[in-house]
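One structure is given here, and the rest of the page talks about it.
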Amino acid sequence: MEIVGLSRDKKRALCLFAGLLAFFLGLLAVSGVGVYNDSEQYIMMHIHREPLYPLYLAAFRAVFGEGYLVWAMAGQGILTALGITALAEYVTRHFGLRLWEELLIVALQLLPHLITRYVSALHIFLENSVMSEALCIPLFTIFIYFVLRMLFEGKWRDTVLALLFAYLLSMTRGQMMTTILLWALLLGIRLLLNKKYRALFICASTVVFVFLLRDLTVHVYNYGVTGYFMGNTYGQVNTLTNVMYACDEGDREVFEEGAPEQVFFDDFYGKAMEQKLNYVYAGDGFDERATYLEENHDILKFQILEAELSAYYFGLGEVDYYEQSSMSDEMAGKMIKKLLPACFGQWLYDYILLCRNGFVRSIAVVHPLINFAALFLYVLAAGLLLWQVFVKRRFQAAVVMGTALLFIVANVCATSITIMCLSRYMIYGFSLFYMALYLLVREVCENRLFWKNGLEKTKSMS
């Protein structure tokens, strides 16, 4: 039946949205709600977790009661379908894509959901899972939609909405604070190219304000939930884990003799060596060392660092869980400041290992053969981008690829500081990269076809 009163583009968008909605809700009906190790922390509004996803779940719990998780998962599916539709429709209109090309853009955006189900270690359908990534992915898609509109259309409405979604992303996962910086960098480049130098000050001031607002929001949220005006905890413990992994026994000398930091170091290091949770046991090969670090990060963090810090501070008496978490994070921060300069060389080597895997997982899966394919794709993407910008002076597809590469670099480098780059942390840039790569290749091929047709036409006229 014909949908009366709608343009052809709107009818296509509506059909696309309906198809995506059927896909995600159908998966929910077949596989049900996925509850995993981290899920309980979001449900219970744990102090370790950023506010937005726990609040999202709490809102559904308040409305639907006991069976709220099914409705919350349905909400994630609806939001994901909406984000994919909006981005695909905008890219199609802006680049003049054909129907099959738009369907390709949609398929590329569906791939991360299939990869996390059939390729990653957890084997989960993200949008049916009680995990912050399930909300973060559609928010990121909508963020990219507004970022591209900001860059191509230049309207302040899109600029403000892009920043709003960057803020929401940062409130969903800490690593996504990089989207705020990405917004600032892209807007700053645009302002420089348009010679609007005074607006750069407004851009920089806005970024500072948004970061302060985020910090205040987290504190207010935690005060409402726990009664303590504090930020999320255990970020420092995460970072200390990779620092301890890179330490040698002699690094204890950076602390004053008998200081609490030195006592903790001796305890951590001794137990880590007993369980072979140190870089010296990692082997010689690049791949082998990266795998060893990733496999042992959580063991070192949970079974040694977190367990010992918790036991010590709880042993003081009259200390509740939130005070203990804050004290543990404070101690970890003190140890990092002293230890990191001492073991920086080894830490940096391990950091590069994690980043290498992060870059691969952003567009593929880690495997000795696939790693080289991923490197080739990055070189190809960068080469095509530079060719189009500096040789052909065409910027449309290059803007999309530049956005993709900048985000991947920021996401990988930020995540590797605190934890290993699992696929579900890296998956955000996957679709954007391949969409940008297709647009670049398409633009290059169209240039060649135009040049060839023009040459043939010139010959026939002569």
OH/Y223: more than 12 non-hydrogen atoms of other groups inside 6.0 Å: no

Heavy atoms of other groups near N194 CG, more than 12 under 6.0 Å: yes

For residues [X] and [Y], is any side-chain donor paired with an opposing acceptor at under 3.5 Å?
{"X": "Y281", "Y": "Q275", "answer": "no"}
{"X": "S31", "Y": "N128", "answer": "yes"}
{"X": "T172", "Y": "E50", "answer": "no"}
{"X": "Y228", "Y": "D320", "answer": "yes"}
{"X": "S328", "Y": "Q324", "answer": "yes"}
{"X": "T217", "Y": "Y167", "answer": "yes"}
{"X": "H46", "Y": "Y321", "answer": "yes"}
{"X": "Y438", "Y": "E101", "answer": "yes"}
{"X": "E443", "Y": "Q396", "answer": "no"}
{"X": "E153", "Y": "Y90", "answer": "yes"}

Is the backbone of [Y] close enough, under 3.5 Å, to the side chain of [X] for a donor and an acceptor to pair up by distance?
{"X": "R49", "Y": "Q41", "answer": "no"}
{"X": "S39", "Y": "Y36", "answer": "yes"}
{"X": "N238", "Y": "I419", "answer": "no"}
{"X": "Y351", "Y": "C413", "answer": "yes"}
{"X": "Q175", "Y": "Y425", "answer": "yes"}
{"X": "D329", "Y": "T233", "answer": "no"}
{"X": "R173", "Y": "C136", "answer": "no"}
{"X": "R214", "Y": "S170", "answer": "yes"}

Would you call [X] and [Y] a side-chain contact if the rule is heavy atoms closer than 4.5 Å?
{"X": "W183", "Y": "V207", "answer": "yes"}
{"X": "R12", "Y": "L99", "answer": "yes"}
{"X": "W71", "Y": "Q76", "answer": "no"}
{"X": "Y378", "Y": "F433", "answer": "yes"}
{"X": "R149", "Y": "H94", "answer": "no"}
{"X": "F359", "Y": "V409", "answer": "yes"}
{"X": "Y292", "Y": "N296", "answer": "yes"}
{"X": "I352", "Y": "Y349", "answer": "no"}

Stepwise salt bridge (Lys or Arg N to Asp or Glu O under 4.0 Å) check, R424 with D38: CA-CA 13 Å; R424 60 191 176 101; D38 293 343; 3.6 Å; yes

Ring pair (Phe, Tyr, Trp, His ring centres under 6.0 Å) evaluation trace for F165 with Y145: CA-CA 10 Å; F165 277 92; Y145 165 73; 9.1 Å; no

Ring geometry between F60 and F64 (parallel below 30°, tilted from 30 to 60°, perpendicular above 60°): parallel

Matching residue for F143 among T179, L164, L87 - test: side-chain contact (heavy atoms from CB on, under 4.5 Å): T179

Ring pair (Phe, Tyr, Trp, His ring centres under 6.0 Å) evaluation trace for F268 with F265: CA-CA 5 Å; F268 295 159; F265 176 88; 8.2 Å; no

Short N-O contact, K301 and E306, less than 4.0 angstrom: no

Short N-O contact, D287 and R356, less than 4.0 angstrom: yes

Verdict with reasoning, E66 to R61, per salt bridge (Lys or Arg N to Asp or Glu O under 4.0 Å): CA-CA 7 Å; E66 186 176 348; R61 184 164 57 243; over 6 Å; no

Least distance between heavy atoms, H48 atom then S325 atom: NE2-OG, 4.2 Å

For N371 against V366, the heavy-atom pair lying closest together: OD1-CA, 3.6 Å

Can you give each donor-acceptor pair under 3.5 Å made by side-chain atoms of residues 105-112, sequence neighbours left out, with the distance rounded to 0.1 Å?
none

Salt bridge (Lys or Arg N to Asp or Glu O under 4.0 Å) evaluation trace for K11 with E89: CA-CA 11 Å; K11 290 176 184 178; E89 280 293 297; over 6 Å; no

Verdict with supporting geometry, Y434 and F430, ring pair (Phe, Tyr, Trp, His ring centres under 6.0 Å): CA-CA 7 Å; Y434 284 106; F430 184 95; 4.9 Å; yes

